[in-house]
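For the numbers below, each heavy atom of this structure counts, side chains included, while hydrogens, waters and symmetry mates do not. So that the names make sense, note that chain A is the first sequence line, chain B the second, and so on, each numbered from 1.
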Amino acid sequence: MTATGSNGEEMNATFNVELFNRSPLLVAPYLLGSVISRDSDEGRVSVRITEVEAYLGVGEDPGAHAHRGKTRRNSTLFGPPAHLYVYFTYGMHHCANVVCQPDGTASGLLLRGGEVVEGIELARSRRGPRVSDRNLARGPGCLTVAMGIDLADNGSDLSKLPFALNVTGDTSDYLSGPRTGINGPGGTEEYLFRFWIPNEPTVSAYKRHPKLARPIA
DNA sequence: TTTTAGATCGTCT
DNA sequence: GACGATCTAAAAA
């Protein structure tokens, strides 16, 4: 399934697009441990993915952007798989998803955290001089900053430059739990759609949503 | 160590 | 006009 060449450094499509035709719940173990790269004029930053969150399609997942159908913002989710869905939130953060399932079906995997394995200096120049290695791409907003991803990357094909995705294979050693930051239905133990690699310092800490932390009036 | 508030703007109602 | 698939600094415990 993986077209591994002798010059792995130059390859930018070391994965089978068919893999992403499936539900994100099945794709997640393959994305964990995989390495995503992005080139820019300044150089390349590569991140080994250690934490993801699955979001299902129309009517299946109250916490998903696609839940209420296609809009201008989420249209990339409805497009072909193995493309990047980037959105802007909280007035200051970008988040990146890998689109799953065939063209016309909306679902994806949110990249929540990872370990910078290439271009650490460039990543730090984007994040700040005082940020420790483990925190460079820890958290969805931090990951996009470290890689230099913004709205201009929305809809990018991950098998084409400036992106590269190296799927290393099934990661059998992983844990799952409730998603973070989701309000109301979809944010509870009902949906164990968050996946991460155990004992990884680059996995973001679980935080309750502020509204859920408040005493019930 | 844990919790809180504030920043800030594109998108949808 | 309201509200986020969040982050950080700073206060509280």
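Between A/Arg73 atom CZ and B/dT13 atom P the separation is 11 Å, expressed in whole Å. For the pair A/Leu136 CG and C/dC7 C1', the interatomic distance rounds to 15 Å; values are reported in whole Å. At whole-Å resolution of the value, CZ in A/Phe88 and C1' in B/dC12 are 16 Å apart.
At the phosphate of C/dA5, OP1 or OP2 sits under 4.0 Å from a side-chain N or O atom of A/His65. Look at A/Arg127 and you'll find a side-chain N or O under 4.0 angstrom from OP1 or OP2 of C/dT8. A close approach under 4.0 Å does not occur between any side-chain nitrogen or oxygen of A/Arg138 and OP1 or OP2 of C/dC7.
With centroids closer than 5.5 Å and planes inclined by less than 30 degrees as the test, A/Tyr55 and the base of C/dA5 pass as a stacked pair.
Using a 4.0 Å cut-off between charged nitrogen and carboxylate oxygen, A/Arg112 and A/Glu53 count as a salt-bridge pair.
Across all strands shown, C/dA5 remains unpaired; no Watson-Crick or G-U wobble contact has both distances below 3.5 Å. A 3.5 Å limit on both hydrogen-bonding distances identifies no Watson-Crick or G-U partner for C/dA13. Across the strands present, B/dT8 finds no partner; the criterion is a Watson-Crick or G-U wobble pair with both atom distances under 3.5 angstrom.
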Next item on the list: Assess whether side chain to side chain contact (heavy atoms under 4.5 Å, CB included) is satisfied between A/Leu158 and A/Leu84, documenting all intermediate values.
Entry: CA-CA 7 Å; A/Leu158 289 176; A/Leu84 203 64; 4.1 Å; yes
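Nearest-nucleotide positions on DNA chain B for A/Leu151 and A/Met92 put A/Met92 closer to the 5' end.
The line from CG of A/Leu143 to CD1 of A/Ile49 is 7.5 Å long, rounded to the nearest 0.5 Å.
Counting atom types as modelled, A/Tyr90 pairs no side-chain N or O with a base atom of B/dA7 as donor and acceptor under 3.5 Å.
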